[in-house]
Amino acid sequence: MHSKDLKKPDGRNLTLYSNQPIPEGLTAPSPFADPQHANPHLRWHPLRGEWVTYAAFRQNRTYQPPPQYNPLAPIKDPEHPTEMPAGDYEIAVFDNRFPSLALESHDPPTLTVPTAPANGHCEVVVFTQNPDAGLAYLPLSRIELLLQVWGDRTVRIGSQPHIHYVLPFENRGAEVGVTLHHPHGQIYSYPFVPAVPARQLAQEREYYLQHGASLLCDMARDEAADGKRVLFQDEYAIAFVPACARYPYEVWVMPTAPCKDFAALTPPQRESLARALKTVLLKYENLWNRPFPYLMAWYQAPTDGAEHPETQLHCQFYPPYRTKDRLKYLAGTELAAGMFAMDVLPETTAYELQQVEVRLEDPA
């Protein structure tokens, strides 16, 4: 993997990545000349026991611009700069102009609930220069590179003293609130372990103390032995609809052997994980022969320097559709009680996805 660090005119960082050497002379453009001076803050929710972040300036962020004003496309006209330079590279990562978390956050307001600076970091990860090429259609070599990029960002940002957890994710489709349709994801780096991964880590830790093994690795082993819900499996990686799925087309993707984070992936694991990920993405795309919206979230070990033998790097997909033309809305029991209600069995949706044929060969 090759990388090149650049600085935008408004002070934000940009890093270019490629499987090949990146040419010299590239400069980092920005649609904005001046720094944002973002100063989000946290407010404690006493009833839920969790932090909420506030960044009112995000109301003015770019929202579904027409293709000719795509800020994630490579720059063509210096008079109308975008976020991306023109040149030979594959993936770009830059500081979000409208962050919900910022390392330089300071002086939170004094309120009736505890507050704190939102000392985290938010980055945008642009998967390709092609605005029409979804992650499912990128070559396997690009997806492997993306796994390396996520590892590099985790190491870089996770080394900051305020950062305790790094979460790469992709929102795809207007149904999940995407404001820019160019293929991209984000990385949120938090000054604490957020509620969802914290709860998962607690369950993993308890299981490890009782059994001396990884909960997720044992789940993957059992799913592989059962076979009813498996979508991809080879020596190093597996993808399956979990028996406990909360969304109709939920899928988990992970290495089969213990691996706590992206940086710990071996080359064979990374290659297999890319194949597993692309298999799932193509099955989604081909299920109804149309772009398939989802949230893809990657969970890994906290960045606190501990070993964390209990936790396992893995991805969870949350697609919003429950049928071809019906969304699964989170409403009464999900939002008010926190208990999900499923209208379809995981075995049924797993069978649907198993019947979808895909080809992983890279395009010529």
Side-chain angles (χ1 to χ4, degrees), residues 42-55 58 100 113-114 165 167-179 185-186 188 190 192-207 215-216 218-220 222-223 226 228-231 239-254 280-281 283-284 287-288 290-300 311-312 314-354:
L42 305 174
R43 301 185 185 189
W44 182 250
H45 194 303
L47 278 177
R48 296 181 63 90
E50 62 191 31
W51 289 106
V52 182
T53 185
Y54 293 82
R58 281 175 51 81
S100 297
V113 296
Y165 198 84
L167 178 75
F169 63 91
E170 181 195 7
N171 296 319
R172 183 170 193 248
E175 295 88 342
V176 294
V178 168
T179 58
Q186 300 182 65
Y188 271 36
Y190 301 87
F192 51 84
V193 180
V196 171
R199 186 171 183 179
Q200 293 180 162
L201 284 162
Q203 294 298 112
E204 289 180 292
R205 190 176 303 113
E206 181 178 350
Y207 186 92
L215 169 60
L216 280 165
D218 282 0
M219 288 182 69
D222 293 343
E223 289 290 347
D226 180 77
K228 292 190 181 83
R229 292 169 295 273
V230 175
L231 305 182
F240 57 91
V241 176
C244 54
R246 300 180 305 159
Y247 289 79
Y249 293 94
E250 181 175 337
V251 174
W252 295 4
V253 183
M254 70 183 76
V280 172
L281 292 167
K283 282 179 176 288
Y284 279 158
L287 178 64
W288 297 319
R290 71 183 194 207
F292 194 91
Y294 56 75
L295 163 61
M296 173 182 67
W298 284 89
Y299 297 102
Q300 55 183 333
T311 195
Q312 176 75 351
H314 74 288
C315 163
Q316 296 184 22
F317 279 98
Y318 306 131
Y321 278 96
R322 59 187 176 92
T323 69
K324 184 177 182 179
D325 49 17
R326 295 181 182 177
L327 289 167
K328 176 178 175 59
Y329 292 101
L330 301 190
T333 186
E334 289 92 357
L335 291 180
M339 189 186 83
F340 277 61
M342 280 280 279
D343 302 323
V344 62
L345 294 177
E347 293 74 33
T348 301
T349 53
Y351 180 79
E352 288 182 59
L353 290 169
Q354 287 170 341

E170 versus Y294, side-chain donor and acceptor atoms under 3.5 Å: yes
If only atom types and distance count, is the side chain of R43 paired as donor or acceptor with the main-chain N or O of W51 below 3.5 Å? no
Decide if atom OH of Y351 counts as having more than 12 heavy atoms of other residues, nucleotides or ligands within a radius under 6.0 Å. no
Kindly indicate, with the supporting measurements, whether the criterion side-chain contact (heavy atoms from CB on, under 4.5 Å) is fulfilled by V196 and Y299. CA-CA 10 Å; V196 171; Y299 297 102; 3.7 Å; yes
Where the side chain of T53 meets the backbone of L42, is there a donor-acceptor pair that is under 3.5 Å apart? no
Hey, is the main chain of P197 close enough, under 3.5 Å, to the side chain of Q200 for a donor-acceptor pair? no
Taking the six-membered ring of Y321, is the NZ or CZ of R290 close enough (under 6.0 Å from the centre) and on axis enough (within 45°)? yes
Close side-chain approach of C315 to M254, heavy-atom, < 4.5 Å: no
Closest heavy-atom pair and its distance - L231, Q354: CD2-CG, 3.7 Å
What is the distance from atom CG of L287 to atom OH of Y249, rounded to the nearest 0.5 Å? 5.5 Å
Between the main-chain N or O of M339 and the side-chain N or O of T333, is there a donor-acceptor pair closer than 3.5 Å? yes
For a 4.5 angstrom cut-off between non-hydrogen side-chain atoms, does P291 reach R172? yes
Work out which heavy atom in P293 is nearest to a heavy atom in G173; give both atom names and the distance. CB-CA, 4.1 Å
Is any side-chain N of the basic residue among E347 and K228 closer than 4.0 Å to the acidic one's carboxylate O? no
Grab the two heavy atoms, one from S100 and one from A55, that are nearest each other, plus how far apart they are. CA-CB, 4.1 Å
Stepwise, does the side-chain contact (heavy atoms from CB on, under 4.5 Å) test hold for V113 with H45? CA-CA 7 Å; V113 296; H45 194 303; over 6 Å; no
If you round to the nearest 0.5 Å, how far is CD of Q186 from CG of L167? 10.0 Å
Spacing of OG1 belonging to T349 relative to CZ belonging to R229, to within rounding of 0.5 Å: 9.5 Å
Minimum side-chain heavy-atom gap L327-R322 below 4.5 Å: no
Main chain of P320, side chain of K328: is a donor-acceptor contact present, judged purely on distance under 3.5 Å? no
Test item: H314 and M219 side chains (from C-beta on) under 4.5 Å apart, heavy atoms: no
Out of curiosity, D218 CG to Q312 CD, how far, rounded to the nearest 0.5 Å? 10.5 Å
Does Y165 use its side chain to pair, donor to acceptor, with the backbone of Q300 at less than 3.5 Å? yes
L330 vs Y247 side-chain heavy atoms within contact, under 4.5 Å: yes
I need the L281 CG to M296 CE distance, nearest 0.5 Å. 6.5 Å
Below 4.5 Å, heavy atoms only, C-beta onward: do E204 and L201 meet side chain to side chain? yes
Is the closest basic N to carboxylate O distance between E334 and R246 below 4.0 Å? no
Closest non-hydrogen contact found for V251 with A239 is CG1-CB, 4.4 Å
What is the distance from atom OG1 of T311 to atom CG of L216, rounded to the nearest 0.5 Å? 7.0 Å
Give me the one residue out of F240, W252, Y284 that meets ring pair (Phe, Tyr, Trp, His ring centres under 6.0 Å) with F317. Y284
